[in-house]
Visitor: 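Got a structure for you, written out below as structure tokens; questions coming shortly.
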Amino acid sequence: MNAGKYIKQYYMPPVKSVKWMEKEWIEKAPVWCSVDLRDGNQALVVPMDLNQKIRFFKQLVKIGFKEIEVGFPAASETEYEFVRTLIEENMIPNDVTIQVLTQAREHIIRKTFEAIKGAPRAIVHVYNSTSVSQREQVFKKSKEEILKIAVDGAALLKKLAEETEGNFQFEYSPESFTGTEPEYALEVCNAVLDVWQPVPEKKCIINLPVTVQHSMPHVYASQVEYMCDHMKYRENVIVSLHPHNDRGCGVADAEMGLLAGADRIEGTLFGNGERTGNVDIVTLGMNMYSQGIDPCLDFSNMPEICEVYESCTGMKIDERSPYSGALVFAAFSGSHQDAIAKGMDWREKRRQEHWNVPYLPIDPKDVGRDYDGDVIRINSQSGKGGVGYILERKYGLNLPAKMKESIGYAVKDVSDQKHKELQADEIFELFKERFENIKEPYSVKEVHFQQKEGGILTQVTSGFAGKTMVTEAFGNGRLDAVSNALKKAYNLQYQLEVYQEHALEQSSSSRAVAYVGIRKADGTLAWGAGIHADIIHASIDALVAAINNK
């Protein structure tokens, strides 16, 4: 590898532009424009057909996008037909503006206006490339010639808008802005603005695309701030950003560009787009949401959005994609699970209004995810906290702390042997197998109690190795009396160390669960559980299961 073959391809502004550094956070949502149906679509191996584009358009409207770039209508018949379908079948809601893209070339601009004739509201987005490499290598034109292309395109937009039925707004992009000298990009944009003469009631859009990412985000922020500070008609111009993600900094470029004074963001759901993709609007919007800023986009049903996206585009959302990936809220690590479980418990007991749970930057329920299936996930890396959390949340079992350790190790062993994640029902079945349904070799068939001064007298009918015994014993309570009877009958050596019980449901007919831990002669702690409508019955079952547990 030869790093020396590369040099910087970006240009810092001619004056210092760092006011954005003084700002801590974005105070309000920008104007959002989805470019999924154009920029995202043209990057697909198999572009969307008409029905898929309509389905995707409806999903974008449902999310709350008010500006949607629907295509490059001069590029193909499918693009043209889609735009005409939206207009002719009145599929554009009253509060939504469609956007179309065109190069600054006369025949393409004319074809574009044919496509949007009769549109209730449409943004016509015209562009030409201004970067050093494009000027020198592709177009082989001077700065003056490139500027003329932009001005001529802007003038034709203005002329055709006056001649065409519809309501039109203009947008201009100096394509490959980040590879253009900022002072020259400013000169071109100002020349375009001089043609359009924007006013408060008819603002225009200047879009500053990161067509290819060349620099760290702070450089882009400085470029954006320079443009905002020196642009003509600034109060009547909507400054838009269109970051791509070549350096993996698309979200950072967008956020820092907004701090630098931009008003609008063009991007796609989940970052679909050319090469490494466009800026991910899901991540951008949810980043704002996680800081208490309303993004004015609705991502509350993320599973549905993901399904529509994957079905229409044929793309797959990475399992680690922020906020949307299948595993982004999942905790397999024992320490993480324990912290989440304690954090959730702390939050519920204190009825906290604000979210502050360890390892969970947002509440998974806000994006349609479930705590049980999406957060605490169990495999061989998991600990007692996660297993205990699943059993408590899903099945109402609040195990003693030491018993959680025991089931935790059992789950680890099974997961390790099977080399797979265990589902909640598998964990519950393992709990019953290891602690509840242990009926041999000892059993209790019948029990009678009699209240005596200072304690309880019991008569226990028990079984072992096919034989039945009836034993009487005294104890300070019912369970202690039964325990003493079994010790007496079979010369068992153990100490009753832990007893815990609770109701499983809140009703008059609810079942109860009891947990018993006994310290055997060899020093090990054995556990048993019992579930029954009668708490005494449940306690005895738990004791017997503990005795039988090797």
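Note that the structure is a prediction, hence the values are computed from the model and not measured.
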Visitor: Under a 3.5 Å distance rule, please check whether Asn549 uses its side chain to pair with a backbone N or O of Trp527 as donor and acceptor.
Guide: yes
Visitor: Please lay out, stage by stage, how Ser240 and Asn207 fare under the test side chain to side chain donor-acceptor pair (under 3.5 Å).
Guide: CA-CA 4 Å; Ser240 177; Asn207 188 52; 2.8 Å; yes
Visitor: Could you tell me if Arg478 sits above the aromatic ring of Phe449, with its cationic atom closer than 6.0 Å to the ring centre and no more than 45 degrees from the axis?
Guide: yes
Visitor: Do any N or O atoms from the side chain of Gln459 and from the backbone of Val470 form a donor-acceptor pair under 3.5 angstrom?
Guide: no
Visitor: Check the pair Glu353 / Arg347 against salt bridge (Lys or Arg N to Asp or Glu O under 4.0 Å), numbers first and verdict last.
Guide: CA-CA 9 Å; Glu353 177 185 358; Arg347 171 180 167 77; over 6 Å; no
Visitor: Taking the six-membered ring of Phe428 (Phe, Tyr or Trp), confirm whether the NZ or CZ of Lys394 is under 6.0 Å from its centre and within 45° of its axis.
Guide: no
Visitor: Side chain to side chain donor-acceptor pair (under 3.5 Å) between His532 and Asp541: does it pass, once the steps are laid out?
Guide: CA-CA 9 Å; His532 198 274; Asp541 286 349; 5.8 Å; no
Visitor: Pairs under 3.5 angstrom only: tabulate donor-acceptor contacts from the side chains of residues 22-29 to other protein residues two or more places apart or in another chain.
Guide:
from	atom 1	to	atom 2	distance (Å)
Lys23	NZ	Leu259	O	2.9

Visitor: Check for a donor-acceptor pair, side chain of Asp416 on one end and backbone N or O of Lys412 on the other, with a separation under 3.5 Å.
Guide: no
Visitor: Has the side chain of Glu225 got a donor or acceptor atom that lies under 3.5 Å from a matching backbone atom of Val18?
Guide: yes
Visitor: Show your reasoning for whether side chain to side chain contact (heavy atoms under 4.5 Å, CB included) applies to Leu399 and Phe431.
Guide: CA-CA 11 Å; Leu399 278 60; Phe431 168 80; 4.1 Å; yes
Visitor: May I ask you to decide if His244's main-chain N or O and Asn278's side chain share a donor-acceptor pair within less than 3.5 Å?
Guide: no
Visitor: Just by distance, do the side chain of Glu501 and the backbone of Ala512 share a donor-acceptor pair under 3.5 Å?
Guide: no
Visitor: Would you say the ring centers of Tyr442 and Tyr490 fall short of 6.0 Å from each other?
Guide: yes
Visitor: Does a salt bridge link Arg38 with Glu274, judged by any charged N lying under 4.0 Å from a carboxylate O?
Guide: no
Visitor: Does the ring centre of Tyr515 sit less than 6.0 Å away from the ring centre of Tyr499?
Guide: no
Visitor: Do side-chain atoms of Arg55 reach the backbone of Val308 as a donor and acceptor pair under 3.5 angstrom?
Guide: no
Visitor: A side-chain contact here means heavy atoms from C-beta on lying under 4.5 Å apart; do Leu86 and Ile92 qualify?
Guide: yes
